[in-house]
K.L.:
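One structure coming up, written as structure tokens, with questions to follow.
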Amino acid sequence: MSSIIQCRGVEKIYRQGDVEVPALRGIDLDIQAGDFATLSGPSGSGKTTLLSLIGGLDRPTGGEISIDGEPISGMPKARLADLRLHKIGFVFQTYSLIPVLSALENVEFILRLLKVPPAERGPRAREVLRQVGLEGLEDRRPSRLSGGQQQRVAVARALASRPAIVLADEPTANLDSQNAEELIALMAELNATSGITFLIATHDSRVIAHTRRHIEMTDGRITADERRGADIAA
Amino acid sequence: MLVALAWRNLWRRPQRTILSLLSIALVSTLLVCVVSFQTAVYGVMKETTLRIFTGYAQLQPLGYADDPGLERTIARPEDLAREATMIDGVTAAAPRVNGFAILANGERSYGAAVVGVDPASEAQISSIGSMIREGRYLAPGDSDAAILGDILARNLGVTVGSKVTVLGSGRDGSVSADVLRVVGIYHSGIPELDRSILEMPLARAQETFAMSGFANTIALGGATLEGVNNAMPALQELARKQGVIVRDWGSMEPAMRDGITLKIATSMMFFLTLVVVVAFIILNTLLMSVLERTREFGMLLAVGMQPHMIGRMVWIELVGLALVGCGAGLAIGGGITLWLQHQGVLIPGMADLLSQFGLPPRLYPALSPLSALIGPGAIFVAILIGGIVPYLRVARLTPALAMRGA
């Protein structure tokens, strides 16, 4: 099975004045296409940092990260943005939608960036919103949606570009139990039906329980990498 | 997409946007009105002052400007005057003899400029005829008639009907003497003119100063000063052919030209300050808005929006704000100016002061493309140039830092 995400000796050091704070200390990790994996660990363990580096939001201090076989550590900003647009979907802890756009427009926004023809954009965005259970709420702006609904829009937006990977950072952190359960179920279903690779940074035991691979981090190192059940074929 | 998004972003905080728009619109309105008013006032001031005596331009013998002696003459001035009036923009040309003489009345005597004028053509150039306080202006059939300024009349102790003795030297160096009868006393409001000029019929002056068939200058007039200014190239060509020179209003009235230039420069500094202040207010507002949205920009970068696109979106917000504000200012300022252009502006208690500058008591601003656009245009450009700051800030954002709000 091919590695869609490959990390080799990845290090990240933050500087606070003259003090160097190591966030990642030589991470080696392979995520296979179709994986449904969680990264967990206490605060400061480096899971969000690792997710940021994999998503090209930040650059490692050392080591190399490859996405779908392509090294990204030295990639120019514009190409990184292009890579994120075409291959990676993000779901953040806070809902992170564009507040002045409706749910439909938030999803269409990604399709516009992808230069999808106008006639195709509307139906495709509606279909993704339907997939995440937001039919009928397309015209609502984020301020008129619940937290759970907003996070579903974020998932829909992440899926709109038909990415190979979805990176989610604490996606259930701000949701109540019911909304959190529904979101986990939705992501699991999308993973199962479309084969999208999910890598989720989370503390939430309910999320961890749903995934087939669980990676534990402590102090910037991977301390456990547990697989449960069979992976979905890429 | 960016335009729609930028427009909606502007209205996230309607109060802030409205205040920003009001700032731009207010200053734009002010600039349109003030520049239109000032341009018109300077225009009127120039035209009114030049129309009193100097004329909008003059044909003069070579070297006359530096050494205005009687011996520097234009031969057959009537022919040259006729040719000058055939040029577009020039509607009148008045030959003049400019002598200098001692004027005497009884025991009193004063030095003054004695100007021989043709009353018919002079009336088309000079407004002195309309400034007669006592008596009348020169008439075509006059022979020994003279008009003079009220200060000069008072100094000489003459009134209408009095005789004035003129004693000077002629073009050929001979003694020139004449006795003229005062037919009118004028008040131009310009002390220099009112104390130093006596006008007499051209033919008599030519005879008195041994100038038969000659004049010293030809004053030129037109419907507008701008028309005569536009005719300068053709006038210069005519002057070159005739061996004379043409002088525009600025070279004849350097003090007025420099005064106006100084006033315009001072006003421009004030206007520039206004433009810079309003540009800084708007940029500060936009920069605040950019800082508030740093996390959101991080999210946009994370989902794959290119940094320069976000920069462009912010730029478009600025352009939108500037366009609407300047457009509103242009419309309001233009409307007010057009209204005042018909109504006029009457400044209470200023009539006397204005008359000293040759200005009428009611002033009329004049809206022109330049006066309408220069203020709002400067604001627009200043805001756009200043917009580089938020553009660069946004374009340099990195997603991870931006999402942390750094």
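In what follows, chains carry the letters A, B, and so on, assigned in the order in which the sequence lines appear, proteins first and then strands, with residues in each chain numbered from 1.
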K.L.:
Please walk me through it: do L24(A) and M217(A) pass side chain to side chain contact (heavy atoms under 4.5 Å, CB included)?
P.N.:
CA-CA 10 Å; L24(A) 296 177; M217(A) 290 185 72; 3.6 Å; yes

K.L.:
Under a 4.5 Å cutoff for heavy-atom pairs, which residue among H86(A), R59(A), K77(A) has the most contacts with chain B?
P.N.:
K77(A)

K.L.:
Strictly below 4.0 Å, N to O, side chains only: are E317(B) and R8(B) in salt-bridge contact?
P.N.:
no

K.L.:
Pick from L53(A), L57(A), D58(A), L85(A): which one has the most heavy-atom pairs with chain B under 4.5 Å?
P.N.:
L57(A)

K.L.:
Would you call R124(A) and E127(A) a salt bridge, taking side-chain N to carboxylate O under 4.0 Å as the test?
P.N.:
no

K.L.:
Provide the closest heavy-atom pair for S371(B) versus A366(B) in the form atom of the first, atom of the second, distance.
P.N.:
OG-O, 3.5 Å

K.L.:
Looking at G56(A), A78(A), P163(A), which one has more heavy-atom pairs under 4.5 Å with chain B than the rest?
P.N.:
A78(A)

K.L.:
Please state whether the side chain, the backbone, both or neither of E108(A) comes within less than 4.5 Å of a heavy atom of chain B.
P.N.:
neither

K.L.:
Looking only at heavy atoms, what is the nearest atom pair of V107(A) and A160(A), with distance?
P.N.:
CG1-CB, 3.6 Å

K.L.:
Can you say whether I110(A) sits under 4.5 Å from chain B via the side chain, the backbone, both, or neither, judging by heavy atoms?
P.N.:
side chain

K.L.:
Side chains of T61(A) and E11(A) only: does a donor on one sit below 3.5 Å from an acceptor on the other?
P.N.:
no

K.L.:
Check whether L114(A) gets within reach of chain B through its side chain, its backbone, both or neither, counting any heavy atom under 4.5 Å.
P.N.:
neither

K.L.:
Answer with side chain, backbone, both or neither: which region of R12(B) has an atom nearer than 4.5 Å to a non-hydrogen atom of chain A?
P.N.:
side chain

